[in-house]
Novice: 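Once you've had a glance at the structure underneath, I'll fire off some questions.
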Amino acid sequence: FFSPVCYMQNVVTVPHAHIPPPPLCNFSHTIFHDTDVYTVWKLHTLNSSRIIAHNLNESSVNAIVDVRRFQYGQWDVSIEFTDAPSVNGSLYPTCDLLLFSSLGRSAVEWERGPKPAPLLDCNFVGTLFHSAAASGPGVWAPVWRLQTLDRFHFRIHSLNRSFTDSVGSIDVIAGTTSLGSANFTPIGGGITINRAFQLYSHDEPPYDQCSNMHWRINQDLVEDWEQGPAPVPAPRPCTSCYNTHVCLNAWQSKCAWCVTADKVHSLCFSNAKAAALPRSEWSCIG
């Protein structure tokens, strides 16, 4: 018989050499810009754990960037604004990019350097735009006519008469992108709503062909406008019509409005199906 013998092997663990983090970025009134809203900030390193950022667009707004630790190849930071709650973010050791989340924005990027030089110079001459949102079969997308007033203003006229004429005001131009807003008041009165937009021009000079707009409806919803007339919708199914007028005028469909003899039910059918209904039970027009 053999007795089992267990041997324990000595395991020697060699600790990883400690690699010190890189020195904190030494900013001396260094310019950064927000890559989305194009605000401009001036950063200055105060000490080994704190950076101050001054907003050049709004003189009363500052931010304190507290550096906490270096991990996963970047500095973890906490940013406290004078006009907003503090947020967490990351500062890259290349000292050219600061990332964080902010109220209403899932990702904010501050990139080193001034914002791009203004190039966009939209020229609207009764130019048509339509909503890019899918409208469904038989439903035409809303259409607007834009007219340039000057480089920073353009008139918006709703061809569907959904709101009174408005003026879009461009506040910032950075490269081939601009930011601005417009007020919208419903036809016949109602609450005026201010909506922000981003407007884009083509990348080739003279940068006056602007064919895309993004409108901020609320924090989570954006509506896209595309240049050109509304696309022709698909025919509207008769079964999607729920009153006489809509049924008899269904887009590119031949429909009939039918009512049962006891007047209990009323439905919209295709002409072919309506013709097959028993006349003793249904009466149809169309």
Side-chain angles (χ1 to χ4, degrees), residues 104 106 122 124-147 154-168 181-200 209-286:
S106 58
C122 298
F124 301 127
V125 185
T127 308
L128 295 181
F129 277 76
H130 67 273
S131 173
S135 300
V139 181
W140 288 84
V143 179
W144 304 275
R145 178 179 286 120
L146 274 58
Q147 181 69 42
F154 54 92
R155 180 177 290 108
I156 307 171
H157 174 69
S158 170
L159 297 185
N160 305 82
R161 295 184 56 79
S162 55
F163 55 80
T164 59
D165 283 4
S166 180
V167 173
S181 64
N183 292 324
F184 295 97
T185 304
I187 293 286
I191 299 175
T192 298
I193 300 174
N194 181 268
R195 288 178 177 167
F197 66 78
Q198 290 179 303
L199 175 61
Y200 306 93
Q209 297 301 308
C210 302
S211 57
N212 293 92
M213 300 183 72
H214 299 305
W215 291 89
R216 175 65 62 183
I217 306 302
N218 54 45
Q219 181 174 322
D220 303 313
L221 181 61
V222 173
E223 181 181 28
D224 290 340
W225 290 11
E226 294 181 353
Q227 188 173 338
V232 177
R236 180 164 185 170
C238 298
T239 52
S240 70
C241 305
Y242 301 106
N243 63 59
T244 307
H245 176 76
V246 175
C247 177
L248 299 182
N249 294 278
W251 172 252
Q252 290 188 341
S253 294
K254 295 180 179 180
C255 306
W257 185 253
C258 301
V259 182
T260 55
D262 57 9
K263 309 297 183 184
V264 174
H265 301 289
S266 52
L267 298 170
C268 186
F269 297 107
S270 67
N271 282 356
K273 187 168 185 179
L277 294 173
R279 291 291 175 243
S280 60
E281 300 176 18
W282 291 86
S283 61
C284 301
I285 58 173

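For reference, positions follow the sequence shown, starting with 1. Because only heavy atoms are used, hydrogens play no part in the values below, and waters and symmetry mates are left out as well, while side chains stay in.
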Novice: Among Gln147, Arg155, His157, which residue satisfies the side chain to side chain donor-acceptor pair (under 3.5 Å) criterion with Asp165?
Specialist: His157
Novice: Are Val259 and Ser266 close enough that some pair of their side-chain heavy atoms sits under 4.5 Å apart?
Specialist: yes
Novice: Taking all atoms of both residues into account, what is the closest heavy-atom pair of Phe154 and Leu199, and its distance?
Specialist: CE2-CD2, 4.3 Å
Novice: Go through it in stages, so that I can follow the logic: the residues are Phe269 and Trp282, the test is ring pair (Phe, Tyr, Trp, His ring centres under 6.0 Å), and I'd like the CA-CA distance, side-chain angles, deciding distance and then a yes or no.
Specialist: CA-CA 12 Å; Phe269 297 107; Trp282 291 86; 5.5 Å; yes
Novice: With side chains defined as the heavy atoms from C-beta onward, is the minimum distance between Glu281 and Thr260 less than 4.5 Å?
Specialist: no
Novice: Using a 4.5 Å cut-off on heavy atoms from C-beta on, say whether the side chain of Arg236 contacts that of Val246.
Specialist: yes
Novice: In a single word, yes or no, tell whether Cys268 and Cys238 have an SG-SG distance below 2.5 angstrom.
Specialist: no
Novice: Could you tell me whether the side chain of Phe124 reaches within less than 4.5 Å of the side chain of Ile156, counting heavy atoms only?
Specialist: no
Novice: Are the side chains of Tyr200 and His214 in contact, using a 4.5 Å heavy-atom criterion?
Specialist: yes
Novice: Could you tell me whether a side-chain N or O of Ser166 sits under 3.5 Å from a main-chain N or O of Asn183, the two making a donor and an acceptor?
Specialist: yes
Novice: Evaluate the ring pair (Phe, Tyr, Trp, His ring centres under 6.0 Å) criterion for residues Phe129 and Trp215: first the C-alpha distance (whole Å), next the side-chain angles of each, then the deciding distance (0.1 Å), finally the verdict.
Specialist: CA-CA 13 Å; Phe129 277 76; Trp215 291 89; 9.8 Å; no
Novice: If I take atom NZ from residue Lys254 and atom CG from residue Asn271, how far apart are they, to the nearest 0.5 angstrom?
Specialist: 7.5 Å
Novice: Report yes or no: is the SG-SG distance between Cys210 and Cys122 under 2.5 Å?
Specialist: yes
Novice: Under a 3.5 Å threshold, yes or no: a donor from one side chain and an acceptor from the other, between Thr127 and Gln227?
Specialist: no
Novice: Taking C-beta and beyond as the side chain, do Trp140 and Asn160 meet within less than 4.5 Å on heavy atoms?
Specialist: no
Novice: Check Cys258 against Leu277 and note the closest heavy-atom contact, atom names and distance.
Specialist: SG-CD1, 3.9 Å
